[in-house]
Engineer: 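I have a structure here, written as structure tokens, and I will follow up with some questions on it.
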Amino acid sequence: MKVSDLVKESYENLDSKDIELFSYITQNKDDFVEKNLKDFSKNTKFSTSSIVNLAKKLGLDGYSELKYLIKWEDGKIVDFDENEIEFTYNDILISMNMIKNRNLDFLFENLDKAENIYVIYSGFIQRNLAQELKRNFLNIGKIIIIIDARRDIALINENIKEKDIIFALSFSGDNKLVINFLNNIKKKVFVVSITKLSNNKLSKISDVNLNFISHEVYRYEKNTSISPVSQYYVIIDFLVLKYINYKSKKKTS
């Protein structure tokens with residue numbers, strides 16, 4: 001997705017200073033992608049916090065994610081290994097087999113007991129995934145409440161109940177916003193994380209970790225990398241199918 005598309009989607013939440021900053025960035029793309037946040041801000045009238053705030057208003061994690069998107073708009077693909085197509089296919093196949101063969105009865109038992117189901121995310125990819133999770137569960141009679149990890153934790157603590165379920169979405173499993181949010185919930189809730197298979201922090205604080213295989217397929221220009229995320233959606237699809245199967249078996253037993 002282009003940054004300009006994110007601006008259109010978030011236009012109602014942007015003020016005149018945000019628009020001015022976005023315009024300045026688009027006119028000085030090379031300067032923006034080559035410098036770090038502090039150095040870019042130094043020679044402009046825009047503070048580092050205003051740049052970070054713009055990124056977050058666009059649904060991004062922060063400056064780095066905004067910088068990568070700006071890079072992508074004008075860059076060229078370099079040094080791609082065609083074998084990565086086969087490697088990515090294997091990643092997806094392994095991820096499908098992992099979730100297909102996994103016993104999730106423990107998760108589903110808690111899902112049936114939960115009064116409320118939440119999904120927490122940070123970043124626009126995870127936001128789209130949260131919407132897909134909500135849509136799929138709505139089709140089987142379960143309502144999911146979507147929470148941006150930047151929302152007021154005090155408000156969540158007022159409404160959340162013991163044994164409610166939270167699905168936590170983080171590709172790396174080390175997103176600080178998501179982890180800090182979970183650590184600040186006062187009540188004991190059942191946490192289900194969906195992350196890449198790795199020794200990550202989020203999986204360690206979760207009751208259940210649903211993981212998938214993905215790897216960096218290539219680096220783009222200096223420090224921008226790409227890792228396929230379709231496995232994320234595979235996990236959700238199989239999660240819903242296995243839950244429907246679990247409910248069907250329960251009815252007939």
Side-chain angles (χ1 to χ4, degrees), residues 56 59-62 95 98-99 102-212 214 229 231-247 249-250:
K56 290 184 176 179
L60 307 175
D61 281 342
S95 298
M98 284 167 56
I99 188 68
R102 186 165 173 183
N103 188 324
L104 298 178
D105 287 358
F106 176 59
L107 165 58
F108 297 149
E109 287 168 7
N110 283 275
L111 197 58
D112 282 344
K113 295 175 186 175
E115 185 171 339
N116 299 301
I117 305 169
Y118 299 88
V119 57
I120 182 174
Y121 74 92
S122 177
F124 71 89
I125 292 176
Q126 286 77 13
R127 178 186 61 189
N128 293 339
L129 194 72
Q131 292 287 356
E132 186 69 10
L133 188 64
K134 179 178 180 177
R135 184 185 67 81
N136 282 342
F137 268 91
L138 186 61
N139 288 335
I140 55 175
K142 291 285 185 180
I143 296 175
I144 285 183
I145 302 164
I146 297 178
I147 304 171
D148 188 323
R150 294 164 293 189
R151 282 177 59 176
D152 186 1
I153 186 65
L155 181 63
I156 303 304
N157 276 324
E158 286 180 12
N159 295 287
I160 205 161
K161 296 179 174 61
E162 297 281 349
K163 297 182 180 179
D164 280 351
I165 284 186
I166 292 184
F167 285 90
L169 310 179
S170 170
F171 185 86
S172 67
D174 291 314
N175 184 281
K176 291 181 180 179
L177 277 173
V178 172
I179 292 169
N180 288 339
F181 185 96
L182 293 174
N183 285 335
N184 283 292
I185 293 177
K186 294 180 179 178
K187 295 177 182 176
K188 174 60 180 174
V189 295
F190 191 88
V191 177
V192 183
S193 58
I194 304 179
T195 69
K196 181 175 69 171
L197 179 62
S198 65
N199 185 26
N200 61 74
K201 295 178 182 177
L202 185 53
S203 65
K204 292 177 182 177
I205 63 172
S206 303
D207 296 281
V208 174
N209 176 238
L210 304 178
N211 44 49
F212 54 86
S214 184
V229 297
Q231 296 88 312
Y232 241 146
Y233 294 90
V234 166
I235 296 298
I236 286 179
D237 287 340
F238 273 82
L239 174 65
V240 173
L241 289 173
K242 288 173 75 73
Y243 183 56
I244 293 172
N245 186 51
Y246 166 83
K247 297 289 284 185
K249 285 183 176 180
K250 199 173 179 182

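Every heavy atom of this structure was used, including side-chain atoms; hydrogens, water molecules and symmetry mates were not.
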Engineer: Can you tell which of D207, I165, V192 makes a side-chain contact (heavy atoms from CB on, under 4.5 Å) with N110?
Structural biologist: I165
Engineer: Taking salt bridge (Lys or Arg N to Asp or Glu O under 4.0 Å) as the definition, give me every residue that meets it alongside K187, ordered by chain and number, with sequence neighbours left out.
Structural biologist: none
Engineer: Exactly one of Y232, Y233, Y121 should register a side-chain contact (heavy atoms from CB on, under 4.5 Å) with N128. Which one does?
Structural biologist: Y233
Engineer: Side chain to side chain contact (heavy atoms under 4.5 Å, CB included) for I160 and I166? Distances and angles first, verdict last.
Structural biologist: CA-CA 10 Å; I160 205 161; I166 292 184; 3.7 Å; yes
Engineer: Contact between M98 and F212 at the side-chain level, heavy atoms closer than 4.5 Å - yes or no?
Structural biologist: no
Engineer: Please find the pair of heavy atoms, one from L202 and one from S170, that lie closest to each other, and give the distance.
Structural biologist: CD2-CB, 3.8 Å
Engineer: Calculate, to the nearest 0.5 Å, the distance between atoms CG and CD belonging to L104 and E109 respectively.
Structural biologist: 11.0 Å
Engineer: With sequence neighbours excluded, give me every side-chain hydrogen bond (donor to acceptor under 3.5 Å, both in side chains) pair touching residues 157-167.
Structural biologist: N116-D164
Engineer: The test is side chain to side chain contact (heavy atoms under 4.5 Å, CB included); show your working for I147 and F181 and say whether it passes.
Structural biologist: CA-CA 10 Å; I147 304 171; F181 185 96; 3.9 Å; yes
Engineer: Distance only, no hydrogens: is a donor on one side chain within 3.5 Å (strictly under) of an acceptor on the other, for N103 and Y246?
Structural biologist: no
Engineer: Under the side chain to side chain contact (heavy atoms under 4.5 Å, CB included) rule, what do L129 and V119 come out as? Steps first, then yes or no, please.
Structural biologist: CA-CA 10 Å; L129 194 72; V119 57; over 6 Å; no
Engineer: So R102 and V208, side chain to side chain contact (heavy atoms under 4.5 Å, CB included) or not? Walk me through it.
Structural biologist: CA-CA 12 Å; R102 186 165 173 183; V208 174; 3.8 Å; yes
Engineer: Could you list all the salt bridge (Lys or Arg N to Asp or Glu O under 4.0 Å) pairs where at least one residue sits in residues 129-138, not counting sequence neighbours?
Structural biologist: E132-R135
Engineer: Compare all side-chain heavy atoms of N136 with those of K142 and state whether any distance is below 4.5 angstrom.
Structural biologist: no
Engineer: Ignoring hydrogens, what is the shortest heavy-atom contact between S198 and S172? Give both atom names and the distance.
Structural biologist: OG-O, 3.7 Å
Engineer: CD1 of I99 to CG of D237: how many Å apart, nearest 0.5 Å?
Structural biologist: 10.5 Å
Engineer: How many angstroms lie between NZ in K242 and CD1 in I235, if you round to the nearest 0.5 Å?
Structural biologist: 10.5 Å
Engineer: Show the nearest heavy-atom pair for residues D174 and K201, with the distance to one decimal.
Structural biologist: OD1-N, 3.0 Å
Engineer: Check F108, F106, Y118, F167 against F190 for a ring pair (Phe, Tyr, Trp, His ring centres under 6.0 Å) and give me the one that passes.
Structural biologist: F106
Engineer: Working to the nearest 0.5 Å, report the span between CG of L182 and CD1 of I153.
Structural biologist: 8.0 Å
Engineer: For I120 and A168, which heavy atoms make the closest approach, and how far apart are they?
Structural biologist: CG2-CA, 3.5 Å
Engineer: Spell out, as yes or no, whether a donor-acceptor pair under 3.5 Å connects the side chain of N200 to the backbone of S203.
Structural biologist: yes
Engineer: Minimum heavy-atom separation for V178 to N175, with atom names?
Structural biologist: N-OD1, 3.0 Å
Engineer: When rounded to the nearest 0.5 angstrom, what is the spacing between CD1 in I244 and CD1 in I140?
Structural biologist: 5.0 Å
Engineer: Roughly how far, to the nearest 0.5 Å, is the CG atom of L111 from the OH atom of Y243?
Structural biologist: 4.5 Å
